[in-house]
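Predicted model, so just to flag it, every value in this text is computed and none were measured. Naming convention: chains lettered A, B, ... in sequence-line order (proteins, then strands); numbering from 1 in each chain.
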2 protein chains.
Amino acid sequence: MAEVGRRAPPRHEAELRVRAEALAGRTLGEIARALGRDARAAPGVRTKGRAGDLVERALGASAGSAAEPDFPSLGIELKTIPVDADGRVCESTFVCTIQLARIADESWADSWARRKLSRVLWVPVEADRPLADRRIARPLLWTPSPDEESALRSDYDEIASRIGLGAIADLTAHTGLYLQVRPKAAHGRARTSALGPDGEPLAVTPRGFYLRPTFTTLILSRYL
Amino acid sequence: MAEVGRRAPPRHEAELRVRAEALAGRTLGEIARALGRDARAAPGVRTKGRAGDLVERALGASAGSAAEPDFPSLGIELKTIPVDADGRVCESTFVCTIQLARIADESWADSWARRKLSRVLWVPVEADRPLADRRIARPLLWTPSPDEESALRSDYDEIASRIGLGAIADLTAHTGLYLQVRPKAAHGRARTSALGPDGEPLAVTPRGFYLRPTFTTLILSRYL
DNA sequence: ACGGATCCATCATTGGATCCAG
DNA sequence: CTGGATCCAATGATGGATCCGT
């Protein structure tokens with residue numbers, strides 16, 4: 001039985017492709033209405049994340065978790081990506097949170113980051129206008145090319161090794177050509193456990209992996 | 001600054017006593033109104049826990065946690081206890097959750113259970129009528145007598161030792177003269193970590209310590 | 001332009017206890 | 001009667017990302 005306001009999960013990739021294509025050209029307001037939901041924001045309330053939530057529901061994605069992609073049975077992750085009127089990427093893309101205390105023991109091959117990025121349905125959504133008026137562009141189902149994956153792994157290895165050495169405090173968003181590390185938290189007081197240079201536990205701001213706009217621009221340009 | 005709908009914490013025990021005495025004879029509806037809250041339940045919605053929440057707010061108790069009592073600076077725990085029209089205890093009383101994987105290493109002396117029970121403000125509340133109509137009887141500030149504490153420790157030791165042996169699966173609410181073990185969870189699917197006979201991790205239903213009605217009847221009878 | 005900080009919705013957990021079948 | 005199961009409110013953690021000062 002499908003949850004209210006969410007479509008049933010697609011049974012196979014072809015069904016997901018059809019649903020995704022059907023979103024192209026529609027606004028988030030239209031999509032929300034079809035789901036029996038509301039895409040209007042209360043005054044003074046931000047809408048970060050709501051475009052992603054609406055597209056999830058419209059496509060029948062599960063709520064998502066660190067361990068599983070949005071379409072578990074298909075092995076596909078869903079990402080909305082903000083673009084301007086000319087289709088240019090406006091923002092970086094969050095990939096997943098980093099388990100700072102464990103990443104030293106995890107290679108790229110079995111990392112959450114790689115699993116999240118191994119197959120992604122990109123859904124470009126217009127930015128810079130009221131949520132309900134944002135129009136969806138043509139979605140793209142993507143798997144990293146060998147070159148792309150190699151570049152991501154290179155960034156990952158450098159970042160993971162620096163965290164593994166206990167240098168998280170010195171690691172900024174400057175590191176990484178395509179994949180970078182940035183804070184990921186509800187507010188500045190949030191803390192998670194990391195390990196310092198001598199293996200001692202350290203309470204630090206939670207971090208996540210993000211894809212730089214230069215990288216996602218490359219991906220979307222496959223259509224241009 | 002006091003939170004909306006909650007009094008400021010009492011500064012000393014005498015202040016708490018005065019506030020508690022002032023509740024005697026009043027209904028939860030009156031108390032809720034004085035706090036700017038509503039003691040009426042929506043149709044079909046249960047009210048488990050709401051009497052406790054209202055009395056907490058009226059007395060200026062903090063939200064409470066496993067590590068701290070409701071009045072941290074006074075070392076006092078607050079418990080509402082349901083009684084019938086004749087003042088007889090209707091239900092068992094939840095004490096605290098059990099850390100199944102750690103209790104083997106904790107004696108009664110430094111247990112959460114003992115800390116929670118070392119000093120308790122009991123607030124009897126009428127049961128068996130709509131929440132807003134329930135009247136509060138005379139509160140009682142209690143510390144276990146040597147005999148009472150000895151009895152509680154005896155129950156605790158037996159329970160803790162059986163859990164320490166990995167026999168949690170065989171431990172029922174039948175064990176314990178005054179202190180017993182019962183499930184404590186939001187629903188039947190909840191699981192927490194325990195240790196089996198060979199020290200292996202085991203996912204089991206979370207449990208809590210409860211005081212049997214026979215024990216709390218003894219306590220309240222100090223007034224009779 | 002972009003690195004660091006933050007914001008909303010939803011789900012899980014915890015503290016407050018009571019419900020109810022046998 | 002009472003042991004096992006459950007229920008609500010509030011808080012914390014997580015996944016969805018965007019905001020904004022320099």
Per-nt protein contacts along nucleotides 4-14 of chain C (heavy atom under 4.0 Å; B base, S backbone sugar-phosphate only, - none) come out as BBBBSSS----
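Contacts classified as ring pair (Phe, Tyr, Trp, His ring centres under 6.0 Å) and involving residues 26-46 of chain A (residues at least two apart or in different chains) are not found. Applying the salt bridge (Lys or Arg N to Asp or Glu O under 4.0 Å) definition to pairs two or more places apart or across chains, none involves residues 177-190 of chain A. Sorted by first and then second residue, the pairs that involve residues 71-82 of chain B and meet salt bridge (Lys or Arg N to Asp or Glu O under 4.0 Å), not counting sequence neighbours, are B:E77-B:K79, B:E77-B:K116.
With sequence neighbours excluded, no residue satisfies ring-ring contact (aromatic ring centres under 6.0 Å, His included) with A:F71. Residues passing the salt bridge (Lys or Arg N to Asp or Glu O under 4.0 Å) test with A:R191: none are found, sequence neighbours excluded. Checked against side chain to side chain contact (heavy atoms under 4.5 Å, CB included), B:A186 has no partners two or more places apart in sequence or in another chain. Listed by chain and number, the residues in a side chain to side chain contact (heavy atoms under 4.5 Å, CB included) with A:R26 are A:E30, A:I31, A:A34 (sequence neighbours excluded).
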Show which side-chain atoms of residues 43-53 of chain A pair as donor or acceptor with protein atoms under 3.5 Å away, not counting sequence neighbours.
unit_1, atom_1, unit_2, atom_2, d
A:R50, NH2, A:D38, O, 2.7

Taking distance alone, no hydrogens or angles, what donor-acceptor pairs closer than 3.5 Å link side-chain atoms of residues 167-178 of chain B to residues at least two apart or in another chain?
unit_1, atom_1, unit_2, atom_2, d
B:T172, OG1, B:H174, N, 3.1
B:T175, OG1, B:R162, NH1, 3.2

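Annotation: proximity of residues 67-77 of chain B to DNA chain C (heavy atom, distance under 4.0 Å) is found for B:D70, B:E77, numbered in ascending order.
In DNA chain C, runs of at least 3 consecutive Watson-Crick or G-U pairs, each pair with both distances below 3.5 Å, span C:1-22 with D:1-22.
Ring planes of B:F209 and B:Y156: tilted class, angle from 30 to 60°.
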